[in-house]
Amino acid sequence: MFFNNLSIYVKDLVKIYNGEVKALNGVNLEVEKGTAFALLGPNGAGKTTLIRILTTQIPPTNGSAFVGGYSVTDEPDKVRKVIGYVPQEISVWTDLTAYDNLLIYAKIYGIPSSERKERIEDILDKFGLYEVRNDLVKTYSGGMIRRLEIACALLTMPKILFLDEPTIGLDPVARKVVWEELKVFKEEHEITIFFTTHYMDEADIYSDKIALIDKGKILRVGTSEELKRSIGSTIISFETENNSNNELLYKIKEINSVEDIIIKSNQVSVIVKDTDIVLPSLIDFMRNNNIKFKRLEVREITLDDVFIKYVGNSIEVRGRSTEVRQVRSRIKGG
Ligand SMILES: Nc1ncnc2c1ncn2[C@@H]1O[C@H](COP(=O)(O)OP(=O)(O)OP(=O)(O)O)[C@@H](O)[C@H]1O
């Protein structure tokens, strides 16, 4: 059957808020079973809106979406039975212990009382929280709270886990712990993970496929390698020293084997197919036009370069994410 291989199928999805804000503008996506899929985009791109539609919290304005083979609009109850969801906002009770939080989830989701203790202890162990299971959550670090939220969402053993900015506001070490534990769980139970993120490295390391989203539109979908290759093979970057004019610099595009050029103030990135061809011509060009430069380097293309190329600027973690981080750290501090 058509959906056999897919966990999520989205067709021409549109969401317009209050008849005027077009948050999603014709989104098409396919997510294969057992994979980790990252939705990468800046603030206001439509990431949370898409996740809310896929988790049946809000209806789309137009188009269709299927999760686990079920329509989010026609069969929302069936969708809810096969998914787990961790929102950006705090979703556990901080005045309770981890064990009691999970016990509430177990009761809400109808896990038989004879199985509860074993399943709760098992998931606490998998997410490194067994030793602190009887401590109040408000004494936990941000990373521990996140791991508990994920444990709560996985207690019912969903087939598809949705995570909205799972590591927002966490330090790099805590982010790594969250992802390493998720990775082990995903492999063990063959679940599909659909997550939104601002973090390039997170999408790069932990996803099988990445969709770039901006202004409600999917710009590109592919593996990290496919996305990087789609813009070229290498970057030659340098800083200009004098106030060279950009019009002149854009002429670098005419050099044979140059794919594109990105200029951000005095930082110039030249995307090339073949460095050996471009480098001598580029040096000649700079000399002939008396453009002084420093810190020239030849480096691999990163996802950040891909994003700048397709979206026009780099992702900044700001606004809402700062807000979420502040709220989380306030709660953490009691
Ligand atoms: N309930 C709402 N009512 C009206 N407009 C909304 C609502 N929710 C989101 N929007 C708008 O829809 C657009 C997409 O927002 P959304 O929250 O989906 O983006 P996002 O990519 O998740 O952003 P962030 O990374 O900041 O969470 C934005 O312009 C936002 O202001």
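We count ligands from 1, going down the list as the structure has it; atoms in each ligand are counted the same way. We count residues from 1, following the sequence as given.
Residue His198 places a heavy atom under 4.0 Å from ligand 1. Using a 4.0 angstrom heavy-atom cutoff, Lys15 does not count as in contact with ligand 1.
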Show the atom names and distances, to 0.1 Å, of all donor-acceptor pairs under 3.5 Å that link a side chain in residues 120-129 to residues at least two apart or in another chain.
{"from": "Glu121", "atom 1": "OE2", "to": "Lys117", "atom 2": "NZ", "distance (Å)": "3.2"}
{"from": "Asp122", "atom 1": "OD2", "to": "Lys126", "atom 2": "NZ", "distance (Å)": "3.1"}
{"from": "Lys126", "atom 1": "NZ", "to": "Glu188", "atom 2": "OE1", "distance (Å)": "3.4"}

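When Gly216, Gly41, Gly44 are ranked by how near their heavy atoms come to atom 28 (C) of ligand 1, first place goes to Gly44. Remark: among candidates Ala23, Gly46, Pro42, the nearest residue to atom 19 (O) of ligand 1 is Gly46, based on non-hydrogen atoms.
Distances below 4.0 Å separate heavy atoms of Lys47 from the following atoms of ligand 1: 18 (O), 19 (O), 20 (P), 21 (O), 22 (O), 23 (O), 25 (O). Close contacts of ligand 1 with Gln88, meaning ligand atoms under 4.0 Å from a residue heavy atom, involve 27 (O). Atoms of ligand 1 found under 4.0 Å from any heavy atom of Val21, numbered from 1 in the order shown, are 11 (C), 12 (O), 29 (O). Counting the atoms of ligand 1 from 1 in the order shown, those under 4.0 Å from a heavy atom of Ala45 are 19 (O), 20 (P), 21 (O).
A search for side chain to side chain donor-acceptor pair (under 3.5 Å) contacts involving Lys251 returns nothing, not counting sequence neighbours.
Here the two rings, on Phe162 and Tyr85, have centers that are 6.0 Å apart or farther.
Contacts of Asn43 with ligand 1, taken as heavy-atom pairs under 4.0 Å, involve both backbone and side chain. Residue contacts with ligand 1, taken as heavy atom pairs separated by less than 4.0 Å, do not involve Thr196 at all.
The residues Asp164 and Lys47 are annotated as not salt-bridged, no charged nitrogen and carboxylate oxygen being separated by less than 4.0 angstrom.
Each of Tyr17 and Val14 belongs to its own hydrophobic cluster when Ile, Leu, Val, Met, Phe, Trp and Tyr are linked at side-chain heavy-atom distances under 4.5 angstrom.
Only one option out of Glu241, Gln267, Glu239 pairs with Arg295 in a side chain to side chain donor-acceptor pair (under 3.5 Å); it is Glu239.
Heavy-atom neighbours of Glu118 CD from other residues, nucleotides or ligands within 6.0 Å: at or below the threshold of 12.
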